[in-house]
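Keep in mind that the numbers below use all heavy atoms, side chains included, and drop hydrogens, waters and symmetry copies. Lettering of chains follows the sequences in order, A, B, ..., and the numbering in each one begins at 1.
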Amino acid sequence: MSHAITRLPDEQIAPLIAHYDAAVRARRRHTLIVFGVIAVCIVLAAWMGEVKPSVFFAHADRLPNYFWSITPVLHWDTLGADLSEWYWNLDHWLKLLVDTIMIAYLGTLIGAIGGFCLCFLASANLVKSPFIRLAARRFLEFCRTVPELVFALLFVVAFGLGPLPGVLALAIHTMGALGKLFAEVVENIDMKPVEGATASGASWLTTVRFAVVPQVLSNFASYGLLRFEINVREASIMGFVGAGGIGQDLVEAIRKFYYSDVSAILLLIIAAVMIIDLVTEKVRHRLLGFGAQR
Amino acid sequence: MSRARIHLSGAERARLAAAHPHLVSPPAGTRVRTGAVIAVLAGLAAFGFWQLGFNFSRLGSGIAQLAHFVTLMMPPDPGTQLPLYMHALGETLAIAFLGTLGGAVIAFPFGFLAAKNVIPNIFAHFAVRRVLDTVRGVDRLIWALIYVTVVGLGPFAGILAIATASFAELGKLFSEAVEALDRKPVEGVVSTGGSPLEAVRFGMLPQVLPVLASQLLYYFESNARQSTIVGIVGAGGLGLHLAEQIRVLEWQKVSFLILMMLIMVAVIDFISSRLRFAIIGKSRMG
């Protein structure tokens with residue numbers, strides 16, 4: 001099968017080709033400039049960040065060696081005994097893991113309640129006063145910009161060591177993050193029920209309760225579950241600054257080079273995070289599907 | 001604006017309620033379910049308070065103490081340490097930038113390997129996904145701690161930690177972007193005799209690059225926040241000084257450092273959202 005391709009005469013093609021080449025050259029130049037800027041940034045950042053490739057490659061074997069050392073010695077014949085030696089402190093670690101998950105849960109719950117209360121004040125379609133709205137927004141922004149761990153450090157000094165500062169730090173950060181997401185959901189609602197409630201003389205609170213909340217609740221729950229996943233990870237490091245959970249034991253194991261303990265605790269954390277991810281993903285899909293059906 | 005309230009007589013109200021029972025009170029099933037969900041949430045919370053041994057009296061004294069600290073924080077003042085803190089700020093930016101870039105460079109091939117439409121072999125892409133999941137399950141602060149023991153104290157450990165964590169997260173996002181792309185350009189390249197590699201280069205890459213660049217900028221924003229705290233375990237940047245000043249209760253310096261963080265994050269957010277708009281706008285036009 002052959003096609004006849006009509007070929008334009010050369011004098012007609014020449015300007016087209018020239019135009020094409022010019023366009024390609026302009027693109028190339030643009031790309032080169034972008035790469036040049038990135039390269040300059042890399043050099044600056046490498047100088048600032050004390051990156052020494054020679055030192056890194058001289059000690060490049062340390063990283064695989066480290067992972068090799070934290071891998072436990074398991075023999076097939078004595079698997080049971082080896083496993084129980086690897087997880088010699090399982091009861092204690094499991095208790096700490098439950099602590100960690102509970103810190104994440106309480107932090108998420110308290111933060112979600114706070115974010116729920118504030119999100120309506122931060123929504124442009126419900127609050128006409130720009131002062132209240134801006135105040136609520138700035139407050140939420142502050143809560144989510146300061147990292148959890150900084151709050152935890154402060155709270156550990158104020159409240160003493162233990163899970164309490166961890167829960168509070170997570171709660172404040174969660175309130176900031178969820179408050180913003182919740183407010184975005186509220187700003188995208190269908191305004192007709194709100195108008196209906198207002199038209200029949202409902203107060204602001206009644207409007208929110210009967211016209212807004214039923215529309216947004218399934219989305220809120222989905223965001224809350226997503227945040228819970230993130231908070232489980234965060235709660236696992238709260239112990240680094242003395243704010244409870246399994247992080248305390250992990251930091252000790254890493255600092256004191258208890259190699260097999262490091263891998264044991266890390267695997268526990270990874271397993272917990274994965275299971276929680278799976279469960280919450282299922283629940284979230286059901287929630288959103290349920291919301292779409294209505 | 002004046003609101004007219006509708007006043008119903010008792011008989012009127014009863015008649016309306018009888019005509020539309022489902023509007024006045026939700027069906028029993030919904031009520032039971034709502035009650036059950038609230039009971040489970042509250043029960044878990046009660047279990048949590050018990051498990052963690054919460055002491056509510058500490059809450060009151062702690063809040064009083066916190067308020068006292070806040071008064072001590074005013075006004076923010078770096079003392080004589082300003083040059084040191086500016087250097088730490090530079091380190092933090094370097095950690096965020098090189099960490100994000102390094103993670104993205106490693107994640108880039110993995111994004112294609114973990115995509116179903118590039119590697120049809122289900123085991124290969126399952127394996128790559130699980131590796132990414134495992135790395136993602138470990139928080140970046142744990143990576144920072146591990147790297148500090150491997151390469152020593154300093155910002156380099158922070159860069160490696162941010163890069164490792166970003167690699168896993170970006171790898172997942174990249175693979176999702178690759179899976180969501182349009183098949184037609186790829187088929188076009190293959191139908192004109194292009195090899196699989198050429199199909200990726202000319203059929204997929206032009207489609208995914210703007211998406212990847214915008215995700216990359218988003219991660220740079222988030223990593224700028226994270227890189228302020230890797231210093232808490234000794235991996236360089238502002239966090240190191242912040243943790244130190246909190247320990248020695250120099251509250252004015254603490255508030256100054258927090259202020260520096262907030263301003264840095266706000267500036268980076270502003271620049272990167274501008275850049276993101278520019279990139280996404282361009283891809284729409286092209």
Next on the checklist: Heavy-atom cut-off 4.5 Å, strictly under: side chain, backbone, both or neither for B:Thr228 against chain A?
Outcome noted: side chain
Item to check | Structural part of B:Leu160 lying under 4.5 Å from a heavy atom of chain A | outcome: side chain
Next on the checklist: Please report the interatomic distance OG1(A:Thr145) to CE(B:Met261), rounded to the nearest 0.5 Å.
Outcome noted: 11.5 Å
Item to check | Interatomic distance, A:Leu164 atom CG to B:Leu52 atom CG [nearest 0.5 angstrom] | outcome: 9.5 Å
Item to check | Main-chain N/O of B:Tyr147 paired to A:Tyr66 side chain as donor or acceptor, under 3.5 Å | outcome: no
Next on the checklist: Measuring from atom CD of B:Gln226 to atom CD of A:Glu148, what distance do you get when rounded to the nearest 0.5 angstrom?
Outcome noted: 7.5 Å
Item to check | B:Arg136 backbone acceptor or donor facing A:Arg233 side chain under 3.5 Å | outcome: yes
Item to check | side chain to side chain contact (heavy atoms under 4.5 Å, CB included) between A:Leu154 and B:Met73, intermediate numbers included | outcome: CA-CA 12 Å; A:Leu154 286 174; B:Met73 280 183 186; 3.9 Å; yes
Next on the checklist: Can you list the residues of residues 86-97 of chain B that sit under 4.5 Å from chain A, counting heavy atoms only?
Outcome noted: B:His87, B:Gly90, B:Glu91, B:Ala94, B:Phe97
Item to check | Selection from A:Asp277, A:Val150, A:Leu168, A:Val146 maximising heavy-atom pairs under 4.5 Å formed with chain B | outcome: A:Val150
Item to check | Side chain, backbone, both or neither of A:Val262 within contact of chain B (heavy atoms, under 4.5 Å) | outcome: neither
Item to check | chain B contact residues among residues 264-274 of chain A, heavy-atom distance under 4.5 Å | outcome: A:Leu266, A:Ile269, A:Ile270, A:Val273, A:Met274
Checklist entry - Which bit of A:Phe210 is near chain B, if near means a heavy-atom gap under 4.5 Å: side chain, backbone, both or neither? => result neither
Checklist entry - Roughly how far, to the nearest 0.5 Å, is the CZ atom of A:Phe240 from the CD1 atom of B:Ile142? => result 5.0 Å
Checklist entry - Take atom CZ in B:Phe47; do more than 12 heavy atoms of anything else shown fall under 6.0 Å from it? => result yes
Checklist entry - Checking A:Val167 against chain B: side chain, backbone, both or neither under 4.5 Å from a heavy atom? => result side chain
Checklist entry - Can you say whether B:Val148 sits under 4.5 Å from chain A via the side chain, the backbone, both, or neither, judging by heavy atoms? => result neither
Checklist entry - Side chain, backbone, both or neither: which part of B:Met264 has a heavy atom under 4.5 Å from chain A? => result neither
Item to check | chain A contact via B:Val233 - which portion, at a heavy-atom distance below 4.5 Å | outcome: both
Checklist entry - Roughly how far, to the nearest 0.5 Å, is CG of A:Leu109 from CG of B:Leu41? => result 6.0 Å
Checklist entry - Can you list the steps and then say if B:Leu44 with A:Leu106 is a side chain to side chain contact (heavy atoms under 4.5 Å, CB included)? => result CA-CA 9 Å; B:Leu44 263 179; A:Leu106 287 176; over 6 Å; no
Checklist outcome for this item: Applying a strict 4.5 Å limit to non-hydrogen atoms, the region of A:Ile103 in contact with chain B is both
Item to check | B:Leu249 versus chain A, the contacting section by heavy-atom distance below 4.5 Å | outcome: side chain
Checklist entry - What distance do A:Phe142 atom CZ and B:Ile258 atom CD1 have between them, rounded to the nearest 0.5 Å? => result 6.5 Å
